[in-house]
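See below for the structure under consideration.
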2 protein chains.
Amino acid sequence: MQHKHRGRPPVALQGMLEAADMLFAQSKLPGSVTMDAIAAAASVGKGTLFRAFGNRDGLLDALWATKLAILKERVTTGVPPFDESATPLDRLIAFLDSILMFKIANRHLIHAREATGGLLQSPHYRWMHAKTKNFIMEASNQVDEDYAIYSAHVLLSALHIDLIDEMLAQGLSVDTIRRLQAARGKGVIRIV
Amino acid sequence: MQHKHRGRPPVALQGMLEAADMLFAQSKLPGSVTMDAIAAAASVGKGTLFRAFGNRDGLLDALWATKLAILKERVTTGVPPFDESATPLDRLIAFLDSILMFKIANRHLIHAREATGGLLQSPHYRWMHAKTKNFIMEASNQVDEDYAIYSAHVLLSALHIDLIDEMLAQGLSVDTIRRLQAARGKGVIRIV
DNA sequence: CCTATAACGGACCGAGAGTCCGAAATGCAA
DNA sequence: TTGCATTTCGGACTCTCGGTCCGTTATAGG
């Protein structure tokens, strides 16, 4: 059922997200994408931006969501290597590797979001943590929940984009990081 | 050799550091300690603060340094358990545990410093990383430098104060975290 | 006592997140 | 068609905070 009187139609969120996406993709130095810049690029008032997304983190999370949708879909529907054909440990490793590559591909957006704090309370982190924790509990035949919670946090903590950038700056290649991370993932079921 | 003319004597850095320390220790919600507040608490102009420490991070690093001095001393002079009486692995674990407890004890200061980004380039992080890397290379009888660099970063990444706070909020006790971290430290020499 | 020097300190500035309110756009009723 | 209620728009404005600038003040030497 609709209201009797409709009023001025709202602008589509799509355009604002696309404008933000473009700015983050183009941004040379990270962190320079302001809300004013996004509003201007989207040809929209700043008030509209804040009404639509609440605050800066809301916008970044929404943009993050659109980027993460494909991976989320693949994981939840069980597309290989996230199905039963792979071992739980392989799924864990594939999951962490996917997130690593995802963060590198969207580094400016991720950098902006991770810089503002409160990331650990964000829905995306919670989702990643829940998934990681589940993979761990499936991979290791034990039910020590504290261990799974802790290990999931720890595995994800190595994926902060600042840390990745620092390691790349120190000469480690992406492939090296992926290889070492995979090895570390295997170690999860050995530690008690 | 001295200058011919001396000019107005500078204020002691000590007082400013003490004022900042007090504010961080008292601060209820983290991140609320501004430079103005520190200047006021130290009965000093803001300009003096910035002239003395360069910028906010400089002040936080200086305060961090005073707090970390004891641990740094113990590690570099080889006081037990950082001497030869302990195995390299035990030293690594003791080192990580010391940093964990240090961060918890100074959580507001650490939170402020870790929130501003650029932590990975700070001298304290570089010191911790270098030490951790050395312990790892001593503990595992191998010379894969990439492995040591990566593992040191990863071990330290689990010590971000936000992450610690989040784990505590999720019900993990400090002792549980210490125990799991120690177990993870042991895992370092098993993974290849 | 006067002058050169060096540091002080708070008024000031710039940037950026978030707010506020008059303007604009729309549908419905008369 | 016109007027009105309603809903959203949008950019000027506010607020906070890190950082700067420059007139003021303290000191030592001549």
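Order of the sequence lines sets the chain letters (A, B, ...), proteins ahead of strands, with each chain counted from 1. Everything numeric here is computed off the predicted structure, so don't read it as measured data.
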A:Asn55 CG to D:dC15 P, straight-line distance once rounded to whole Å: 20 Å
Flag side-chain contact, heavy atom, 4.5 Å: A:Leu59 against A:Arg56: no
For atom CZ of B:Arg6 and atom P of C:dC8, their distance in whole Å: 12 Å
Overall bend - the helix from C:dC1-D:dG30 to C:dA30-D:dT1, comparing terminal axes fitted on five pairs, nearest 10 degrees: 40°
Residue pair A:Asp83 / A:Ser85, side-chain donor-acceptor N/O under 3.5 Å: yes
Residue met sooner reading DNA chain D from 5', once B:Gly7 and B:Met35 are mapped to nucleotides: B:Met35
Integer-rounded Å distance: D:dT8 C1' and A:Leu13 CG: 13 Å
A:Asp57 versus A:Thr116, side-chain donor and acceptor atoms under 3.5 Å: yes
Side-chain donor/acceptor of A:Ser151 to backbone N/O of A:Ala148, under 3.5 Å: no
Rounded interatomic separation in angstrom, taking CD1 from A:Ile38 and P from C:dA17: 8 Å
Interface with DNA chain C, restricted to residues 18-29 of chain B and to heavy atoms under 4.0 Å: none
Sugar-phosphate, base or nothing in reach of A:Thr34, heavy atoms under 4.0 Å: sugar-phosphate
Separation of D:dG19 P from B:Asp36 CG (nearest whole Å): 11 Å
Donor-acceptor pair between B:Asp36 and B:Thr34 side chains, under 3.5 angstrom: no
Value in whole Å for how far the P atom of C:dG16 lies from CZ of A:Arg56: 9 Å
Only pairs under 3.5 Å count here: list side-chain donor-acceptor contacts from residues 7-14 of chain A, not counting sequence neighbours, and write none if there are none.
| residue | atom | partner | partner atom | Å |
| --- | --- | --- | --- | --- |
| A:Gln14 | NE2 | A:Glu18 | OE2 | 3.4 |

Pairwise side-chain contact, A:Glu138 with A:Arg91, heavy-atom cut-off 4.5 Å (strictly under): yes
For atom NZ of B:Lys46 and atom C1' of D:dT24, their distance in whole Å: 19 Å
Whether A:Phe95 and A:Trp127 hold their rings parallel, tilted or perpendicular, with breakpoints at 30° and 60°: perpendicular
Parallel, tilted or perpendicular: ring planes of A:His153 versus A:Tyr125, cut at 30 and 60 degrees: parallel
From D:dC9, C:dG9, D:dG19, nucleotide with atom closest to B:Val11 side chain: C:dG9
Length of the CG-P vector between B:Leu49 and C:dA11, whole Å: 16 Å
Heavy-atom donor-acceptor pair, A:Arg8 side-chain to C:dG27 base, under 3.5 Å: no
Given C:dT26, C:dG10, C:dA17, the nucleotide with the shortest approach to the side chain of A:Phe50: C:dA17
